[in-house]
Amino acid sequence: YHPSEILATWHGGMAIHGGIIGGIIGTFIYAKIKKLNPLTLGDYAAAPLLLGQALGRFGNFMNGEIHGVPVPSKRRRL
């Protein structure tokens, strides 16, 4: 484990999980500073989050990362 490389996005390993968690934390901080309801801000963020997920999945498909490999049709005995 190399904690010093957590923010080293140029090494890969970025996932949507970190973006969502960071967005939620950022939303709560912003809501606290501006004295807004964080759930209302979450409603505003729902549609862009879904659009971002869809575009990310399309990018995965174009890179060949999301679909699997062909599976042999014959079953083997174990």
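Numbers here are sequence positions counted from 1.
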- request: Measure the spacing between CG of Leu41 and NZ of Lys34 and express it to the nearest 0.5 Å.
  value: 11.5 Å
Gap between atom CG of Leu49 and atom CD1 of Ile24 - 0.5 Å precision: 8.5 Å
message: What's the separation between atom OG1 in Thr27 and atom CG in Leu36, rounded to the nearest 0.5 Å?
response: 11.0 Å
- request: Applying side-chain contact (heavy atoms from CB on, under 4.5 Å), run through Ile29 and Lys32 and close with a yes or a no.
  value: CA-CA 5 Å; Ile29 291 171; Lys32 180 83 170 170; 5.7 Å; no
Side-chain heavy atoms of Leu39 within contact of Asp43, under 4.5 Å: no
message: Checking Phe58 now: which residues fulfil side chain to side chain contact (heavy atoms under 4.5 Å, CB included) with it, not counting sequence neighbours?
response: Met62
query: For residues 21-54, which residue pairs qualify under ring pair (Phe, Tyr, Trp, His ring centres under 6.0 Å), counting only residues two or more places apart or in two chains?
result: none
message: Please report the interatomic distance CG(Leu55) to CZ(Arg57), rounded to the nearest 0.5 Å.
response: 12.0 Å
